[in-house]
Amino acid sequence: MKATGKTRSYGYAIVLFLITLSGFGQMPIFGRYYIASVPGLGWLGEFYTTHVLHYAAAIALIALAVYVLFDFVMNGVGLKRLTTSGYFKTGIISGLIISGCLMVVKNFPGIYWSHTTIIVLDLTHLSLCMALLMLSLYTLVMKKKWIE
Amino acid sequence: MSLKISRRTFIKGSIAAAGTVVAGTGISGPDFAAAGPLSDEKQEPLSTLLDIRKCIGCEECVHACREVNAAKYPEPRKPFPKMYPKTVPVQDWSEKRDVTDRLTPYNWIFIQHASVTHNGEKMELTIPRRCMHCDNPPCVKLCPWGAAKQEKNGLSRIDADLCLGGSKCKNVCPWSIPERQTGVGLYLDLLPALAGNGVMYKCDRCYNRLEKDELPACIEACPENVQSIGPRSEILEQAHSLAKEINGYVYGEHENGGTNTIYVSPVPFDQLNAAIEKGKGKPHLAYTKNMMADGTNLSRAMLIAPLAGLAAAFGKFYLKSKEDK
Ligand code: SF4
Ligand code: SF4
Ligand code: SF4
(Lines give C-alpha, C1' and ligand atoms only; values in the text may rest on other atoms or scores of the structure.)
(Ligands and ions follow the chains in the order given, each with its own letter.)
Protein backbone atom coordinates (compact mmCIF):
# COMPACT_ATOMS: atom_id res chain seq x y z
CA MET A 1 0.00 0.00 0.00
CA LYS A 2 2.78 2.42 1.01
CA ALA A 3 4.78 1.45 -2.05
CA THR A 4 1.92 2.09 -4.47
CA GLY A 5 1.33 5.43 -2.75
CA LYS A 6 4.95 6.37 -3.41
CA THR A 7 4.82 5.24 -7.04
CA ARG A 8 1.63 7.23 -7.42
CA SER A 9 3.25 10.37 -5.99
CA TYR A 10 6.29 10.05 -8.23
CA GLY A 11 4.05 9.37 -11.21
CA TYR A 12 2.02 12.44 -10.41
CA ALA A 13 5.15 14.58 -10.00
CA ILE A 14 6.59 13.46 -13.34
CA VAL A 15 3.30 13.95 -15.19
CA LEU A 16 2.79 17.36 -13.60
CA PHE A 17 6.31 18.42 -14.56
CA LEU A 18 6.02 17.25 -18.18
CA ILE A 19 2.53 18.62 -18.69
CA THR A 20 3.48 22.04 -17.31
CA LEU A 21 6.68 22.23 -19.30
CA SER A 22 5.02 21.19 -22.55
CA GLY A 23 2.06 23.44 -21.74
CA PHE A 24 4.28 26.48 -21.44
CA GLY A 25 5.90 25.31 -24.64
CA GLN A 26 2.61 26.13 -26.39
CA MET A 27 3.46 29.80 -25.95
CA PRO A 28 6.31 31.25 -27.99
CA ILE A 29 8.51 31.93 -24.96
CA PHE A 30 11.17 29.20 -24.82
CA GLY A 31 12.60 30.41 -28.11
CA ARG A 32 12.51 34.08 -27.17
CA TYR A 33 14.11 33.51 -23.79
CA TYR A 34 16.92 31.21 -25.02
CA ILE A 35 15.66 28.22 -23.05
CA ALA A 36 15.40 26.32 -26.31
CA SER A 37 19.01 27.29 -27.05
CA VAL A 38 20.28 25.32 -24.05
CA PRO A 39 21.85 22.14 -25.46
CA GLY A 40 19.38 19.30 -25.13
CA LEU A 41 16.38 21.61 -24.71
CA GLY A 42 15.95 22.55 -28.36
CA TRP A 43 12.77 20.46 -28.52
CA LEU A 44 11.09 22.91 -26.12
CA GLY A 45 11.03 25.39 -29.00
CA GLU A 46 9.50 22.87 -31.41
CA PHE A 47 5.78 23.47 -31.25
CA TYR A 48 4.71 20.15 -32.72
CA THR A 49 6.92 18.24 -30.28
CA THR A 50 5.56 20.03 -27.22
CA HIS A 51 2.03 19.73 -28.65
CA VAL A 52 2.29 15.95 -28.89
CA LEU A 53 4.06 15.69 -25.53
CA HIS A 54 1.30 17.77 -23.92
CA TYR A 55 -1.33 15.41 -25.32
CA ALA A 56 0.64 12.35 -24.17
CA ALA A 57 1.06 13.79 -20.67
CA ALA A 58 -2.65 14.63 -20.61
CA ILE A 59 -3.45 10.99 -21.36
CA ALA A 60 -1.28 9.95 -18.41
CA LEU A 61 -2.85 12.58 -16.13
CA ILE A 62 -6.40 11.57 -17.02
CA ALA A 63 -5.60 7.89 -16.45
CA LEU A 64 -3.95 8.71 -13.12
CA ALA A 65 -6.83 10.93 -12.00
CA VAL A 66 -9.43 8.28 -12.80
CA TYR A 67 -7.31 5.63 -11.09
CA VAL A 68 -6.91 7.67 -7.91
CA LEU A 69 -10.59 8.59 -7.88
CA PHE A 70 -11.81 5.00 -8.16
CA ASP A 71 -9.13 3.74 -5.82
CA PHE A 72 -10.49 6.17 -3.23
CA VAL A 73 -14.05 5.15 -3.82
CA MET A 74 -13.43 1.41 -3.82
CA ASN A 75 -11.29 1.52 -0.70
CA GLY A 76 -14.06 3.43 1.01
CA VAL A 77 -11.69 6.32 1.78
CA GLY A 78 -14.23 8.83 0.59
CA LEU A 79 -13.70 12.46 -0.19
CA LYS A 80 -14.24 13.54 3.42
CA ARG A 81 -10.64 12.73 4.28
CA LEU A 82 -9.35 15.20 1.72
CA THR A 83 -7.52 18.18 3.21
CA THR A 84 -8.57 21.72 2.24
CA SER A 85 -5.62 22.06 -0.11
CA GLY A 86 -6.44 18.59 -1.43
CA TYR A 87 -9.96 19.74 -2.21
CA PHE A 88 -8.71 22.79 -4.05
CA LYS A 89 -6.16 20.80 -6.01
CA THR A 90 -8.80 18.22 -6.97
CA GLY A 91 -11.07 21.01 -8.19
CA ILE A 92 -8.32 22.72 -10.17
CA ILE A 93 -7.14 19.49 -11.78
CA SER A 94 -10.72 18.65 -12.78
CA GLY A 95 -11.03 22.11 -14.31
CA LEU A 96 -7.76 21.64 -16.18
CA ILE A 97 -8.87 18.28 -17.53
CA ILE A 98 -12.25 19.61 -18.65
CA SER A 99 -10.91 22.78 -20.28
CA GLY A 100 -8.06 20.77 -21.80
CA CYS A 101 -10.46 18.23 -23.31
CA LEU A 102 -12.49 21.07 -24.81
CA MET A 103 -9.29 22.40 -26.36
CA VAL A 104 -8.57 18.99 -27.85
CA VAL A 105 -12.04 19.05 -29.40
CA LYS A 106 -11.35 22.56 -30.71
CA ASN A 107 -8.31 21.22 -32.55
CA PHE A 108 -10.30 18.62 -34.48
CA PRO A 109 -10.93 19.36 -38.14
CA GLY A 110 -14.29 20.94 -38.86
CA ILE A 111 -14.62 22.70 -35.50
CA TYR A 112 -15.21 26.42 -35.95
CA TRP A 113 -15.40 28.12 -32.58
CA SER A 114 -15.54 31.86 -32.07
CA HIS A 115 -12.64 33.98 -30.88
CA THR A 116 -14.41 34.54 -27.56
CA THR A 117 -14.94 30.84 -26.87
CA ILE A 118 -11.33 30.04 -27.72
CA ILE A 119 -9.92 32.95 -25.69
CA VAL A 120 -12.06 32.08 -22.65
CA LEU A 121 -10.88 28.46 -22.90
CA ASP A 122 -7.21 29.43 -23.30
CA LEU A 123 -7.31 31.87 -20.40
CA THR A 124 -9.20 29.45 -18.14
CA HIS A 125 -6.70 26.70 -18.86
CA LEU A 126 -3.74 29.02 -18.25
CA SER A 127 -5.18 30.53 -15.05
CA LEU A 128 -6.00 27.10 -13.63
CA CYS A 129 -2.47 25.98 -14.44
CA MET A 130 -0.98 28.98 -12.61
CA ALA A 131 -3.29 28.35 -9.64
CA LEU A 132 -2.25 24.69 -9.49
CA LEU A 133 1.43 25.59 -9.67
CA MET A 134 1.16 28.10 -6.85
CA LEU A 135 -0.94 25.83 -4.68
CA SER A 136 1.43 22.91 -5.32
CA LEU A 137 4.39 25.07 -4.35
CA TYR A 138 2.58 26.04 -1.15
CA THR A 139 1.70 22.45 -0.24
CA LEU A 140 5.24 21.33 -1.05
CA VAL A 141 6.87 24.03 1.12
CA MET A 142 4.34 23.71 3.95
CA LYS A 143 4.40 19.89 3.69
CA LYS A 144 0.61 19.74 3.34
CA LYS A 145 -0.80 16.36 2.39
CA TRP A 146 -3.69 15.42 0.09
CA ILE A 147 -5.49 13.38 2.71
CA GLU A 148 -5.63 13.51 6.46
CA MET B 1 -31.47 45.16 -52.45
CA SER B 2 -27.81 44.98 -51.65
CA LEU B 3 -28.05 41.22 -51.66
CA LYS B 4 -29.50 41.30 -55.13
CA ILE B 5 -26.74 43.45 -56.48
CA SER B 6 -24.00 41.54 -54.77
CA ARG B 7 -25.47 38.24 -55.79
CA ARG B 8 -25.45 39.44 -59.35
CA THR B 9 -21.84 40.41 -58.86
CA PHE B 10 -21.10 36.92 -57.65
CA ILE B 11 -22.90 35.22 -60.48
CA LYS B 12 -21.18 37.47 -62.97
CA GLY B 13 -17.84 36.68 -61.42
CA SER B 14 -18.29 32.98 -61.16
CA ILE B 15 -19.87 32.57 -64.57
CA ALA B 16 -16.88 34.36 -65.97
CA ALA B 17 -14.61 32.17 -63.92
CA ALA B 18 -16.50 28.98 -64.62
CA GLY B 19 -17.15 30.00 -68.20
CA THR B 20 -13.53 29.77 -69.13
CA VAL B 21 -13.25 26.44 -67.42
CA VAL B 22 -16.29 25.34 -69.40
CA ALA B 23 -14.54 26.23 -72.62
CA GLY B 24 -11.73 23.90 -71.68
CA THR B 25 -13.47 21.11 -69.83
CA GLY B 26 -17.15 21.07 -70.56
CA ILE B 27 -18.13 21.58 -66.94
CA SER B 28 -21.42 23.39 -66.80
CA GLY B 29 -20.97 27.01 -65.85
CA PRO B 30 -24.51 27.96 -64.75
CA ASP B 31 -24.61 25.01 -62.35
CA PHE B 32 -21.52 26.30 -60.74
CA ALA B 33 -22.89 29.82 -60.48
CA ALA B 34 -26.12 28.50 -59.04
CA ALA B 35 -24.25 26.92 -56.16
CA GLY B 36 -25.47 29.71 -53.93
CA PRO B 37 -24.32 32.97 -52.46
CA LEU B 38 -20.83 33.05 -51.00
CA SER B 39 -22.12 34.13 -47.62
CA ASP B 40 -24.33 31.07 -47.18
CA GLU B 41 -23.56 29.78 -43.68
CA LYS B 42 -24.97 26.31 -44.26
CA GLN B 43 -22.94 25.71 -47.35
CA GLU B 44 -19.90 23.43 -47.22
CA PRO B 45 -16.52 25.18 -47.07
CA LEU B 46 -15.57 27.19 -50.13
CA SER B 47 -12.44 26.36 -52.07
CA THR B 48 -10.62 28.15 -54.83
CA LEU B 49 -9.32 26.58 -58.01
CA LEU B 50 -6.23 28.07 -59.64
CA ASP B 51 -5.59 27.05 -63.22
CA ILE B 52 -1.88 27.76 -63.54
CA ARG B 53 -1.90 27.49 -67.34
CA LYS B 54 -3.95 30.64 -67.62
CA CYS B 55 -1.89 32.93 -65.43
CA ILE B 56 0.10 35.51 -67.41
CA GLY B 57 1.83 37.01 -64.37
CA CYS B 58 0.31 40.46 -64.85
CA GLU B 59 0.00 41.01 -61.06
CA GLU B 60 -3.51 42.46 -61.39
CA CYS B 61 -4.49 40.16 -58.51
CA VAL B 62 -1.63 41.47 -56.38
CA HIS B 63 -2.62 45.09 -56.91
CA ALA B 64 -6.33 44.39 -56.40
CA CYS B 65 -5.54 42.72 -53.08
CA ARG B 66 -3.40 45.66 -51.96
CA GLU B 67 -6.07 48.16 -52.93
CA VAL B 68 -9.00 46.37 -51.37
CA ASN B 69 -7.21 45.40 -48.17
CA ALA B 70 -5.16 48.59 -47.68
CA ALA B 71 -7.35 49.62 -44.75
CA LYS B 72 -6.34 46.43 -42.92
CA TYR B 73 -2.62 47.12 -43.25
CA PRO B 74 -0.57 48.01 -40.15
CA GLU B 75 0.28 51.59 -39.24
CA PRO B 76 3.01 50.94 -36.67
CA ARG B 77 3.77 53.31 -33.85
CA LYS B 78 7.38 54.50 -33.89
CA PRO B 79 9.87 54.40 -32.32
CA PHE B 80 9.23 50.75 -31.50
CA PRO B 81 9.27 49.90 -27.81
CA LYS B 82 12.48 48.24 -26.63
CA MET B 83 12.14 44.45 -26.49
CA TYR B 84 14.03 42.02 -24.26
CA PRO B 85 16.13 40.07 -24.77
CA LYS B 86 17.78 42.36 -27.33
CA THR B 87 17.94 39.57 -29.90
CA VAL B 88 14.16 39.62 -30.41
CA PRO B 89 13.93 40.62 -34.06
CA VAL B 90 12.25 43.86 -35.06
CA GLN B 91 10.33 43.24 -38.26
CA ASP B 92 9.47 46.43 -40.01
CA TRP B 93 7.91 46.42 -43.46
CA SER B 94 6.28 49.82 -43.13
CA GLU B 95 9.07 51.49 -45.13
CA LYS B 96 9.01 48.73 -47.75
CA ARG B 97 5.32 48.65 -48.53
CA ASP B 98 6.00 48.55 -52.27
CA VAL B 99 7.55 45.07 -52.20
CA THR B 100 5.41 42.77 -54.35
CA ASP B 101 7.75 39.88 -55.09
CA ARG B 102 7.12 38.04 -51.80
CA LEU B 103 4.64 37.87 -48.93
CA THR B 104 4.87 40.75 -46.46
CA PRO B 105 2.41 42.29 -43.98
CA TYR B 106 1.56 44.66 -46.85
CA ASN B 107 1.49 42.06 -49.63
CA TRP B 108 -0.67 39.00 -49.12
CA ILE B 109 -0.38 37.51 -52.59
CA PHE B 110 2.54 37.44 -55.01
CA ILE B 111 3.49 35.78 -58.27
CA GLN B 112 6.05 32.99 -58.41
CA HIS B 113 7.91 32.21 -61.62
CA ALA B 114 8.99 28.83 -62.93
CA SER B 115 10.90 28.02 -66.10
CA VAL B 116 10.46 24.34 -66.81
CA THR B 117 10.74 21.85 -69.62
CA HIS B 118 8.05 19.21 -69.59
CA ASN B 119 7.57 16.55 -72.29
CA GLY B 120 10.14 18.37 -74.38
CA GLU B 121 8.20 21.61 -74.19
CA LYS B 122 9.79 24.67 -72.61
CA MET B 123 7.33 26.59 -70.45
CA GLU B 124 7.32 29.79 -68.42
CA LEU B 125 4.72 29.48 -65.72
CA THR B 126 3.54 32.08 -63.22
CA ILE B 127 1.81 31.03 -60.05
CA PRO B 128 -0.20 33.27 -57.70
CA ARG B 129 0.73 32.38 -54.10
CA ARG B 130 -1.03 33.23 -50.87
CA CYS B 131 -2.38 31.42 -47.80
CA MET B 132 -3.73 27.96 -48.68
CA HIS B 133 -6.65 28.14 -46.19
CA CYS B 134 -6.06 24.66 -44.81
CA ASP B 135 -8.90 22.32 -43.81
CA ASN B 136 -7.51 22.07 -40.29
CA PRO B 137 -5.26 25.13 -40.12
CA PRO B 138 -2.39 24.80 -37.62
CA CYS B 139 -2.04 28.61 -37.59
CA VAL B 140 -5.55 28.82 -36.12
CA LYS B 141 -5.62 25.69 -33.99
CA LEU B 142 -2.22 26.19 -32.39
CA CYS B 143 -2.46 29.93 -31.76
CA PRO B 144 -1.91 29.99 -28.00
CA TRP B 145 -4.47 32.61 -27.45
CA GLY B 146 -7.29 32.49 -29.92
CA ALA B 147 -6.24 35.42 -32.10
CA ALA B 148 -6.66 33.35 -35.24
CA LYS B 149 -9.92 31.87 -36.35
CA GLN B 150 -11.36 29.63 -39.01
CA GLU B 151 -14.76 30.38 -40.43
CA LYS B 152 -17.38 27.88 -41.55
CA ASN B 153 -16.78 28.85 -45.16
CA GLY B 154 -13.24 27.46 -44.87
CA LEU B 155 -11.19 30.64 -44.62
CA SER B 156 -8.79 31.31 -41.81
CA ARG B 157 -7.75 34.71 -40.60
CA ILE B 158 -5.80 36.42 -37.87
CA ASP B 159 -7.54 39.15 -35.90
CA ALA B 160 -5.22 42.18 -35.92
CA ASP B 161 -6.83 43.49 -32.72
CA LEU B 162 -6.03 40.28 -30.82
CA CYS B 163 -2.75 39.04 -32.29
CA LEU B 164 0.34 39.54 -30.10
CA GLY B 165 2.83 38.83 -32.88
CA GLY B 166 4.57 35.85 -31.29
CA SER B 167 4.81 34.33 -34.77
CA LYS B 168 3.85 30.83 -33.69
CA CYS B 169 1.35 30.69 -36.57
CA LYS B 170 4.18 31.25 -39.04
CA ASN B 171 6.31 28.68 -37.27
CA VAL B 172 3.64 25.96 -37.44
CA CYS B 173 2.37 26.83 -40.93
CA PRO B 174 3.81 24.29 -43.41
CA TRP B 175 4.27 27.18 -45.87
CA SER B 176 5.36 29.83 -43.31
CA ILE B 177 2.70 32.16 -44.69
CA PRO B 178 1.95 34.79 -41.98
CA GLU B 179 4.29 37.80 -41.89
CA ARG B 180 4.97 40.02 -38.91
CA GLN B 181 4.95 43.78 -38.49
CA THR B 182 6.45 45.06 -35.25
CA GLY B 183 5.04 48.09 -33.43
CA VAL B 184 1.30 47.49 -33.86
CA GLY B 185 -1.41 45.74 -31.91
CA LEU B 186 -2.40 44.63 -28.49
CA TYR B 187 1.09 43.85 -27.16
CA LEU B 188 1.81 47.59 -27.03
CA ASP B 189 -0.82 47.90 -24.28
CA LEU B 190 0.42 44.90 -22.30
CA LEU B 191 4.12 44.26 -21.65
CA PRO B 192 5.75 45.29 -24.93
CA ALA B 193 9.25 44.84 -23.54
CA LEU B 194 8.72 41.25 -22.44
CA ALA B 195 5.98 39.65 -24.53
CA GLY B 196 4.66 39.95 -28.06
CA ASN B 197 6.19 41.65 -31.05
CA GLY B 198 3.47 43.14 -33.25
CA VAL B 199 0.83 41.52 -35.42
CA MET B 200 0.91 38.72 -38.01
CA TYR B 201 -0.67 39.38 -41.39
CA LYS B 202 -1.80 37.13 -44.22
CA CYS B 203 -4.54 36.66 -46.81
CA ASP B 204 -7.93 36.53 -45.09
CA ARG B 205 -9.61 35.49 -48.35
CA CYS B 206 -11.41 38.82 -48.31
CA TYR B 207 -13.77 37.60 -45.58
CA ASN B 208 -15.55 40.94 -45.48
CA ARG B 209 -16.27 40.81 -49.20
CA LEU B 210 -17.51 37.21 -48.99
CA GLU B 211 -19.92 38.30 -46.25
CA LYS B 212 -21.43 40.68 -48.80
CA ASP B 213 -21.50 37.96 -51.50
CA GLU B 214 -18.67 39.66 -53.32
CA LEU B 215 -15.78 37.75 -54.81
CA PRO B 216 -12.33 38.01 -53.25
CA ALA B 217 -10.55 40.90 -54.96
CA CYS B 218 -7.80 38.79 -56.55
CA ILE B 219 -10.38 36.52 -58.18
CA GLU B 220 -12.47 39.37 -59.46
CA ALA B 221 -9.58 41.40 -60.85
CA CYS B 222 -7.86 38.65 -62.80
CA PRO B 223 -8.22 39.31 -66.56
CA GLU B 224 -7.52 35.65 -67.35
CA ASN B 225 -9.96 34.14 -64.84
CA VAL B 226 -7.22 32.05 -63.33
CA GLN B 227 -9.13 31.55 -60.08
CA SER B 228 -12.64 30.40 -59.38
CA ILE B 229 -14.38 29.84 -56.07
CA GLY B 230 -17.15 27.49 -55.04
CA PRO B 231 -18.15 24.69 -52.67
CA ARG B 232 -15.21 22.39 -52.01
CA SER B 233 -16.68 19.24 -53.55
CA GLU B 234 -17.50 21.07 -56.79
CA ILE B 235 -14.11 22.72 -56.96
CA LEU B 236 -12.39 19.38 -56.42
CA GLU B 237 -14.50 17.76 -59.09
CA GLN B 238 -13.66 20.57 -61.45
CA ALA B 239 -9.96 20.39 -60.58
CA HIS B 240 -9.84 16.67 -61.30
CA SER B 241 -11.63 16.85 -64.60
CA LEU B 242 -9.40 19.73 -65.63
CA ALA B 243 -6.30 17.81 -64.59
CA LYS B 244 -7.54 14.76 -66.48
CA GLU B 245 -8.21 16.76 -69.58
CA ILE B 246 -4.84 18.47 -69.70
CA ASN B 247 -2.94 15.47 -68.33
CA GLY B 248 -2.10 17.72 -65.45
CA TYR B 249 -1.46 17.66 -61.73
CA VAL B 250 -3.29 18.82 -58.62
CA TYR B 251 -1.78 20.52 -55.56
CA GLY B 252 -3.51 21.47 -52.33
CA GLU B 253 -6.03 18.64 -52.14
CA HIS B 254 -4.00 16.46 -49.78
CA GLU B 255 -1.24 18.80 -48.66
CA ASN B 256 -1.31 19.37 -44.90
CA GLY B 257 -4.29 17.03 -44.77
CA GLY B 258 -6.19 19.10 -47.34
CA THR B 259 -6.58 22.78 -48.12
CA ASN B 260 -9.16 25.04 -49.72
CA THR B 261 -6.72 26.20 -52.39
CA ILE B 262 -6.46 23.80 -55.31
CA TYR B 263 -3.85 24.38 -58.01
CA VAL B 264 -4.00 22.59 -61.35
CA SER B 265 -0.81 22.55 -63.40
CA PRO B 266 0.30 20.97 -66.68
CA VAL B 267 3.67 20.26 -65.02
CA PRO B 268 4.27 18.03 -61.97
CA PHE B 269 4.49 20.05 -58.79
CA ASP B 270 7.84 18.65 -57.69
CA GLN B 271 9.25 20.04 -60.93
CA LEU B 272 7.60 23.39 -60.26
CA ASN B 273 8.83 23.32 -56.69
CA ALA B 274 12.38 22.81 -57.91
CA ALA B 275 12.04 25.68 -60.37
CA ILE B 276 10.53 28.40 -58.18
CA GLU B 277 12.50 30.70 -55.93
CA LYS B 278 11.86 29.68 -52.34
CA GLY B 279 12.80 31.27 -49.04
CA LYS B 280 11.58 34.03 -46.76
CA GLY B 281 8.09 35.08 -47.82
CA LYS B 282 8.30 32.71 -50.79
CA PRO B 283 6.52 29.43 -50.00
CA HIS B 284 7.41 26.06 -51.51
CA LEU B 285 5.18 23.80 -53.60
CA ALA B 286 6.33 20.52 -52.04
CA TYR B 287 4.14 17.80 -50.61
CA THR B 288 3.51 18.39 -46.92
CA LYS B 289 2.06 15.87 -44.50
CA ASN B 290 -0.91 16.62 -42.26
CA MET B 291 0.70 18.56 -39.43
CA MET B 292 -2.25 18.20 -37.06
CA ALA B 293 -2.58 14.43 -37.59
CA ASP B 294 -0.39 13.33 -34.66
CA GLY B 295 -2.48 15.36 -32.23
CA THR B 296 -5.74 14.14 -33.73
CA ASN B 297 -4.58 10.50 -33.49
CA LEU B 298 -3.39 10.95 -29.91
CA SER B 299 -6.76 12.37 -28.91
CA ARG B 300 -8.23 8.97 -29.67
CA ALA B 301 -5.94 7.50 -27.03
CA MET B 302 -7.29 10.16 -24.70
CA LEU B 303 -10.66 8.42 -24.84
CA ILE B 304 -9.04 5.22 -23.60
CA ALA B 305 -7.19 6.95 -20.74
CA PRO B 306 -10.11 6.92 -18.27
CA LEU B 307 -10.70 3.23 -19.00
CA ALA B 308 -7.04 2.48 -18.30
CA GLY B 309 -7.25 4.33 -14.99
CA LEU B 310 -10.43 2.49 -14.11
CA ALA B 311 -8.91 -0.88 -14.99
CA ALA B 312 -5.85 -0.16 -12.85
CA ALA B 313 -8.01 0.80 -9.87
CA PHE B 314 -10.14 -2.35 -10.27
CA GLY B 315 -7.04 -4.48 -10.66
CA LYS B 316 -5.58 -3.15 -7.45
CA PHE B 317 -8.87 -3.58 -5.61
CA TYR B 318 -9.18 -7.15 -6.85
CA LEU B 319 -5.63 -8.10 -5.81
CA LYS B 320 -6.12 -6.51 -2.42
CA SER B 321 -9.43 -8.26 -1.72
CA LYS B 322 -7.80 -11.56 -2.76
CA GLU B 323 -4.95 -10.89 -0.32
CA ASP B 324 -7.41 -10.04 2.45
CA LYS B 325 -9.25 -13.34 2.06
S1 SF4 C 1 -4.29 38.63 -62.21
FE2 SF4 C 1 -4.60 36.57 -62.96
S3 SF4 C 1 -3.25 36.39 -64.71
FE4 SF4 C 1 -2.61 38.19 -63.60
S5 SF4 C 1 -1.02 37.44 -62.25
FE6 SF4 C 1 -2.89 37.33 -61.08
S7 SF4 C 1 -3.67 35.28 -61.39
FE8 SF4 C 1 -2.12 35.63 -62.95
S1 SF4 D 1 -1.45 27.93 -45.23
FE2 SF4 D 1 -0.54 28.43 -43.25
S3 SF4 D 1 -1.42 30.40 -42.74
FE4 SF4 D 1 -2.72 29.53 -44.34
S5 SF4 D 1 -4.35 28.38 -43.24
FE6 SF4 D 1 -2.70 26.92 -43.66
S7 SF4 D 1 -1.46 27.00 -41.78
FE8 SF4 D 1 -2.70 28.83 -41.79
S1 SF4 E 1 -8.39 36.46 -51.23
FE2 SF4 E 1 -8.40 38.65 -50.74
S3 SF4 E 1 -6.90 38.85 -49.13
FE4 SF4 E 1 -6.51 36.88 -50.10
S5 SF4 E 1 -4.97 37.28 -51.66
FE6 SF4 E 1 -6.97 37.44 -52.66
S7 SF4 E 1 -7.47 39.61 -52.51
FE8 SF4 E 1 -5.84 39.24 -51.07
Side-chain angles (χ1 to χ4, degrees), chain A residues 1 4 23-29 31-34 37 45-56 58-75 97 100-101 103-123 125-126, chain B residues 45 83-85 87-88 134-138 140-154 159 161-162 164-168 171-172 194-197 257-258 290-292 294-299 301-317 320-321:
Chain A
M1 182 71 197
T4 51
F24 278 105
Q26 302 310 300
M27 294 183 283
I29 50 174
R32 174 166 181 160
Y33 289 105
Y34 294 120
S37 314
E46 290 164 16
F47 293 116
Y48 285 109
T49 308
T50 52
H51 178 63
V52 163
L53 182 66
H54 199 62
Y55 273 34
I59 292 171
L61 182 71
I62 294 171
L64 187 66
V66 173
Y67 166 71
V68 172
L69 181 77
F70 279 91
D71 195 31
F72 257 48
V73 173
M74 284 187 287
N75 284 313
I97 291 179
C101 286
M103 289 166 85
V104 169
V105 172
K106 164 194 78 98
N107 287 347
F108 283 138
I111 300 289
Y112 311 95
W113 286 351
S114 71
H115 281 299
T116 323
T117 316
I118 300 176
I119 290 173
V120 166
L121 259 183
D122 287 350
L123 287 184
H125 202 65
L126 181 63
Chain B
M83 293 186 288
Y84 297 98
T87 43
V88 176
C134 304
D135 284 352
N136 198 25
V140 172
K141 298 302 174 97
L142 299 182
C143 170
W145 127 268
K149 158 175 208 276
Q150 186 185 30
E151 296 188 0
K152 278 214 181 77
N153 65 11
D159 192 320
D161 294 331
L162 296 173
L164 298 172
S167 199
K168 185 181 174 186
N171 196 304
V172 296
L194 299 176
N197 184 358
N290 183 353
M291 303 304 283
M292 296 296 288
D294 289 343
T296 308
N297 292 338
L298 262 181
S299 359
M302 230 170 259
L303 292 174
I304 308 167
L307 297 180
L310 195 62
F314 264 114
K316 192 184 147 202
F317 181 71
K320 195 168 158 272
S321 46

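Hydrogens, waters and symmetry mates play no part in the numbers below; they use all other heavy atoms, side chains included. Lettering follows sequence order; numbering is per chain, from 1.
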Under a 4.5 Å cutoff for heavy-atom pairs, which residue among [options] has the most contacts with chain B?
{"options": "A:Val105, A:Ile62, A:Leu126", "result": "A:Ile62"}
{"options": "A:Leu64, A:Val68, A:Ile111, A:Ile29", "result": "A:Ile111"}
{"options": "A:Val120, A:Thr117, A:Val66, A:Asn107", "result": "A:Asn107"}
{"options": "A:Lys106, A:His125, A:Met27", "result": "A:Lys106"}

Step by step, would you call A:Tyr55 with B:Met302 a side-chain contact (heavy atoms from CB on, under 4.5 Å)? CA-CA 8 Å; A:Tyr55 273 34; B:Met302 230 170 259; 3.9 Å; yes
Relative to chain B, which segment of [X] carries a heavy atom at a distance below 4.5 Å: side chain, backbone, both, or neither?
{"X": "A:Val52", "answer": "both"}
{"X": "A:Leu121", "answer": "neither"}
{"X": "A:Phe70", "answer": "both"}
{"X": "A:His51", "answer": "side chain"}

A:Ile59: which of B:Leu298, B:Ile304, B:Leu303 passes side-chain contact (heavy atoms from CB on, under 4.5 Å):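 Of B:Leu298, B:Ile304, B:Leu303, side-chain contact (heavy atoms from CB on, under 4.5 Å) with A:Ile59 is met by B:Leu298 alone.
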Heavy-atom contact with chain A under 4.5 Å, split by part of [X]:
{"X": "B:Glu151", "value": "backbone"}
{"X": "B:Cys134", "value": "neither"}
{"X": "B:Val172", "value": "both"}
{"X": "B:Pro45", "value": "side chain"}

Partners of A:His54 by ring-ring contact (aromatic ring centres under 6.0 Å, His included), sequence neighbours excluded?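 Result, ring-ring contact (aromatic ring centres under 6.0 Å, His included) vs A:His54: none returned.
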Using a cut-off of under 4.5 Å on heavy-atom pairs, state which of B:Val140, B:Asn171, B:Asp135, B:Asp294 scores highest against chain A.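 Ranked by heavy-atom pairs under 4.5 Å with chain A, first place is B:Asn171.
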Just so I understand: if I count every heavy-atom pair under 4.5 Å between each of B:Ala308, B:Ala311, B:Gly295 and chain A, which residue has the most?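 Counting heavy-atom pairs under 4.5 Å, the top option is B:Gly295.
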Ionic contact status for A:Asp71 with B:Lys316, cut-off 4.0 Å: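 Yes.
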Does B:Leu310 form a side-chain contact (heavy atoms from CB on, under 4.5 Å) with A:Tyr67? I'd like the steps, not just the answer. CA-CA 5 Å; B:Leu310 195 62; A:Tyr67 166 71; over 6 Å; no
Could you check whether any side-chain heavy atom of A:Phe47 comes within less than 4.5 Å of a side-chain heavy atom of A:Gln26, counting everything from C-beta outward?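 They are not in side-chain contact.
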Would you say B:Ser167 and A:Pro28 make side-chain contact, with heavy atoms under 4.5 Å?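 No, too far: nothing below the 4.5 Å cut-off.
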For B:Trp145 and A:Ile118: C-alpha separation, side-chain torsions, deciding distance, then whether side-chain contact (heavy atoms from CB on, under 4.5 Å) applies. CA-CA 7 Å; B:Trp145 127 268; A:Ile118 300 176; over 6 Å; no
For A:Thr116, which residues count as a side-chain hydrogen bond (donor to acceptor under 3.5 Å, both in side chains) partner, sequence neighbours excluded?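 If we apply the side-chain hydrogen bond (donor to acceptor under 3.5 Å, both in side chains) test to A:Thr116, skipping adjacent residues, there are no hits.
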